[in-house]
Undergrad: 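Let me give you the structure first, and then I'll get to my questions.
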Amino acid sequence: MSKIKGKVLIDRERCKGCDLCVVACPVHILALADQVNARGYHFSMVQQPESCIGCASCALVCPDSCITVYRQKVEA
Amino acid sequence: MAAEVEMKPENLVYAKPRLITDKTMHYCPGCSHGVVHKLVAEVIDEMGLEHDAIGISPVGCAVLAYDYIDIDWVESAHGRATTLATAIKRLRPDKMVFTYQGDGDLAAIGTGETIHAGNRGENITIIFINNAIYGMTGGQMAPTTLVGMKTATTPYGRDTHLNGYPYKIGEVMSLLDGVCYVTRQSVHTPAAVRKAKKAIRKAFENSMAGRGLSLVEIVATCNSGWKLSPVEANRWMEEHMMEFYPLGDLKDTEKK
Amino acid sequence: MEEVKLMKGNEVVAEAAVRCGCDGYFGYPITPQSEILETLMQMRPWETTGMVVLQAESEVAAINMVYGGAACGKKVMTSSSSPGISLMCEGLSYLAGAELPCVVVNVSRGGPGLGTIQPSQADYFQAVKGGGHGDYHLIVLAPNSVQEMYDFVFLGFELAFRYLNPVMILSDGVIGQMMEKVVLSAPVARWTDEQIAAQSSSWAVYGKPETRTRNIVTSLELEADRQEKVNLKLIEKYRRVAAEEVRYETSLCEDADYVLVAYGSSARICAKVVEMAREEGHKVGLLRPITLYPFPTKAIRELADRVKGFLSVEMNAGQMVEDVRLAAEHCAPVAHYGRMGGVVHSPSEVYEALKREFINQ
């Protein structure tokens, strides 16, 4: 069996914690961190990486180009 | 087959657009400008126009747009962006010339310049960010501010007796013979972002094909000015802005 | 090919634009200079040299088209008259702030407000001291003949590109409307895009080529200490302009007791006054500033040590007289004479004023 899976990388120092990616994610794997980055923002982070489908919705709505997305067919 | 997603170029589906610079944008968290900047940068790159694009930045929040997209730029006086674009395009017809303007710049102080550029059929594109407020100066009423909407200069809500009516400049522009394409888009959902990108591409193609002026209006949020969180601002925009500024094409002379 | 013609001052501006290889003219009709745009439209240079000519929707639009055109390294110009130049002042400040070259012709008329359509020199302060906001200077050329109207378009572009600064040709309705013989020089070809890329690659905007990083034309600097550096750089440039580009003409100043200081059409009138005075045995000379900015301060200061007085003769309420006074440094008395509102003073009126102020004292 194979399955399409995704991987999301977030540049936490560039992130301003706007929360738009969190809301845009159809599988609800993102959340704002309790910690803050150097500029004082609660940055976005991946909570359930195993559930990512690599749809890039988060990256599309990110105003600050913080998100990189990979997608690949992997063994289920 | 791999067990994990490998970070290899062939698996990459989204990354910071190549022409977006590394400089941190000065925009507030969640501001629509950042998304529209990305789309402009992506379309320029995909159309192979990196060496032929000239942007005109306005006065307003996007005054520093030139810091974020890695192409040649000219910064305009308030409202005059389309006059600069007019001259540049006429003197360099081989180049792709666009302005990037907010509602105060385009539809208040620059209304005359906007309309005349459209009426002359200049082969340029206007990217128009309509967030119904003056962001840079601290949230004052824009010509596009909705009736009843509270701003720094309409603290009791926009009153039509005092302030007149919100200005639908997209509709006005669509009446002009020199204008070939007017569309109203948004960037608040992934689907909307994809559609907005197509619209920007179409506008740039029109400019290069010499079909006349294209106006891409983006109904956008100004969460700081609206005093809402970015997520709430998107919801407010859907509920209030889109009723008065419905999305879709207002004019497309290429459509049969 | 060089040609000699009888032409109007305004018409030769159009002729000069095409012959000097100008890339674009953007203008808006206003009396007494509308012939410049009309002549260009009649000439249709877009069919010969490829020059762009466009009637803008306002003077505000016209100067900002000039700003855009100048930003891509092209030779661009506009023309207007006093009220229209007021509208252009914002744009002129931006052009100066962004260090862009261009030529702006002011065929000035009487003011303030809508004023008259007759000739005047009441825009001296506006041209020389700013007009727009911020610490900046235009290089200001004052033609006194149809030939100079022609020549100064060439000189204007030369100076504009040498210093990357807007140049104003401050003329008036007399020079713009009168006909004189003019020698039209052989046409110069417009710069090619390759030439522009070679000579202006450090600042001009024409689509970032692979050979350089992007250029940004702007006058914005949000940090105070960096903006001050911009100001200091501009001041340094103005110092260079002042050191190298002062132009003036003197006539019969060597033995003069009294010197008339006048520019443009007023200088032509004053040439006659010098003649009249000399015929009656009075040693009167004339100093004609050709550049109003930079001003011939040094020449006036030197004369101030040996003359008994200066009369600044201007068709206004007394503007250049302030610069003459500053230049003379109290070493000689300075007075002003001038008619206003579109009234052109006669030589005898000026002569009477000279007698009243100095000779008969």
Side-chain angles (χ1 to χ4, degrees), chain B residues 19 21 26 44 48-60 62-99 109-120 122 124 136, chain C residues 22-26 46 50-76 78 88 90-95 97-98 100 102 132 190 193 196 201 203-222:
Chain B
L19 294 178
T21 64
H26 71 287
I44 288 171
L49 293 173
E50 178 186 355
H51 307 300
D52 293 305
I54 301 171
I56 321 292
S57 72
V59 169
V63 64
L64 294 172
Y66 55 71
D67 276 342
Y68 310 130
I69 304 178
D70 188 16
I71 54 167
D72 272 2
W73 284 91
V74 191
E75 200 288 305
S76 160
H78 199 17
R80 319 294 174 223
T82 52
T83 62
L84 273 67
T86 293
I88 295 172
K89 183 67 181 178
R90 285 185 182 237
L91 289 161
R92 293 304 301 258
D94 52 327
K95 300 292 166 182
M96 199 285 285
V97 184
F98 70 98
T99 70
I109 195 166
T111 309
E113 286 78 1
T114 304
I115 288 184
H116 283 284
N119 201 46
R120 284 191 302 264
E122 301 295 344
I124 59 171
M136 185 66 129
Chain C
C22 178
D23 296 298
Y25 170 96
F26 306 91
W46 51 90
M51 176 184 173
V52 169
V53 185
L54 185 61
Q55 179 169 341
E57 66 268 31
S58 67
E59 287 93 346
V60 173
I63 193 70
N64 283 287
M65 289 172 183
V66 166
Y67 180 86
C72 26
K74 299 276 185 177
K75 271 189 187 175
V76 287
T78 184
M88 291 184 180
E90 177 201 40
L92 286 169
S93 171
Y94 275 72
L95 281 150
L100 292 178
C102 70
R190 284 176 54 232
D193 290 339
I196 290 170
S201 67
W203 58 271
V205 156
Y206 42 84
K208 174 195 75 177
E210 282 173 47
T211 49
R212 65 159 168 81
T213 55
R214 72 216 168 96
N215 282 337
I216 298 165
V217 173
T218 180
S219 58
L220 174 71
E221 184 48 74
L222 289 171

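We use all heavy atoms of the structure for the numbers below, so side chains are in, but hydrogens, waters and symmetry mates are not. Computed from a predicted model, the values in this text were never measured in an experiment. Naming convention: chains lettered A, B, ... in sequence-line order (proteins, then strands); numbering from 1 in each chain.
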Undergrad: May I ask you to list the residues in residues 204-212 of chain C that approach chain B closer than 4.5 angstrom, counting heavy atoms only, ordered by number?
TA: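 At a heavy-atom separation under 4.5 Å, chain B is reached by A204(C), V205(C), Y206(C), G207(C), K208(C), P209(C), E210(C), R212(C).
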Undergrad: If I take atom CG from residue N119(B) and atom CD from residue E57(C), how far apart are they, to the nearest 0.5 angstrom?
TA: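 Spacing of CG (N119(B)) from CD (E57(C)) equals 9.5 Å.
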Undergrad: Side chain, backbone, both or neither: which part of I63(C) has an atom under 4.5 Å from a heavy atom of chain B?
TA: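 No part of I63(C) comes within 4.5 Å of chain B.
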Undergrad: Is there side-chain contact between V60(C) and E113(B), with at least one heavy-atom pair below 4.5 Å?
TA: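 Sidechains of E113(B) and V60(C): in contact.
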Undergrad: Which bit of A77(B) is near chain C, if near means a heavy-atom gap under 4.5 Å: side chain, backbone, both or neither?
TA: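 The answer is both parts of A77(B).
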Undergrad: Between T82(B) and chain C, with a heavy-atom cut-off of 4.5 Å, which part of the residue counts as in contact: side chain, backbone, both or neither?
TA: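 For T82(B), no heavy atom lies under 4.5 Å from chain C.
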Undergrad: Is chain C contacted by the side chain of I44(B), its backbone, both, or neither, given a heavy-atom distance below 4.5 Å?
TA: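 For I44(B), no heavy atom lies under 4.5 Å from chain C.
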Undergrad: Testing the basics here: between G69(C) and L91(B), what is the closest heavy-atom pair and its distance to 0.1 Å?
TA: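 Closest heavy-atom pair between G69(C) and L91(B): CA-CD1, 3.4 Å.
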Undergrad: Do you know which two heavy atoms are closest between A87(B) and F26(C), and how far apart they sit?
TA: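 The answer is CB-CZ, 3.7 Å.
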Undergrad: Sort L220(C) into side chain, backbone, both or neither according to what part of it lies under 4.5 angstrom from a heavy atom of chain B.
TA: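 For L220(C), heavy atoms of backbone and side chain both lie under 4.5 Å from chain B.
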Undergrad: Tell me, do V217(C) and D72(B) make a side-chain contact under 4.5 Å, heavy atoms counted?
TA: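 Counting from C-beta outward, V217(C) and D72(B) never come under 4.5 Å.
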Undergrad: V74(B) vs Y67(C), test: side-chain contact (heavy atoms from CB on, under 4.5 Å). Steps then yes/no.
TA: CA-CA 9 Å; V74(B) 191; Y67(C) 180 86; 3.5 Å; yes
Undergrad: Salt bridge or not between R214(C) and D70(B)? Use side-chain N to carboxylate O under 4.0 Å.
TA: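 Counted as a salt bridge, because a side-chain N and a carboxylate O are separated by less than 4.0 Å.
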Undergrad: Are L54(C) and R120(B) close enough that some pair of their side-chain heavy atoms sits under 4.5 Å apart?
TA: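 Yes. Closest side-chain heavy atoms under 4.5 Å.
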Undergrad: Heavy-atom distance under 4.5 Å to chain C: side chain of I71(B), backbone, both or neither?
TA: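 Just its backbone gets close to chain C.
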Undergrad: Name all residues meeting the salt bridge (Lys or Arg N to Asp or Glu O under 4.0 Å) criterion together with R92(B); count only those two or more places apart in sequence or in a different chain, and write none if there are none.
TA: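 With sequence neighbours excluded, R92(B) shows a salt bridge (Lys or Arg N to Asp or Glu O under 4.0 Å) to D94(B), D193(C), given in chain and number order.
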Undergrad: How long is the span from the CD atom in Q55(C) to the NE2 atom in H116(B), to the nearest 0.5 Å?
TA: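 Answer rounded to 0.5 Å: 11.0 Å.
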Undergrad: Could you tell me which residues satisfy ring-ring contact (aromatic ring centres under 6.0 Å, His included) with H51(B), sequence neighbours excluded, listed by chain and number?
TA: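 Partners of H51(B) by the ring-ring contact (aromatic ring centres under 6.0 Å, His included) criterion come out as none, since no residue qualifies.
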Undergrad: Which bit of A71(C) is near chain B, if near means a heavy-atom gap under 4.5 Å: side chain, backbone, both or neither?
TA: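 Contact with chain B is through the side chain of A71(C) alone.
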Undergrad: Listed by chain and number, what are the side chain to side chain contact (heavy atoms under 4.5 Å, CB included) partners of I109(B), not counting sequence neighbours?
TA: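 With neighbours one apart ignored, the set is H78(B), R80(B).
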Undergrad: Quick check for you: to the nearest 0.5 Å, what is the distance between I216(C) atom CD1 and Y66(B) atom OH?
TA: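 Output value for this atom pair is 6.5 Å.
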Undergrad: Given a strict heavy-atom distance threshold of 4.5 Å, which part of L64(B) is in contact with chain C: side chain, backbone, both, or neither?
TA: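 The answer is the side chain of L64(B).
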Undergrad: For each of V52(C), L222(C), T213(C), tally heavy-atom pairs with chain B at distances under 4.5 Å, and name the one with the top tally.
TA: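 Winner by heavy-atom pair count: V52(C).
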Undergrad: Between I88(B) and G68(C), what is the shortest heavy-atom contact and its length?
TA: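 Closest pair (atom of I88(B), atom of G68(C), distance): CG1-O, 3.3 Å.
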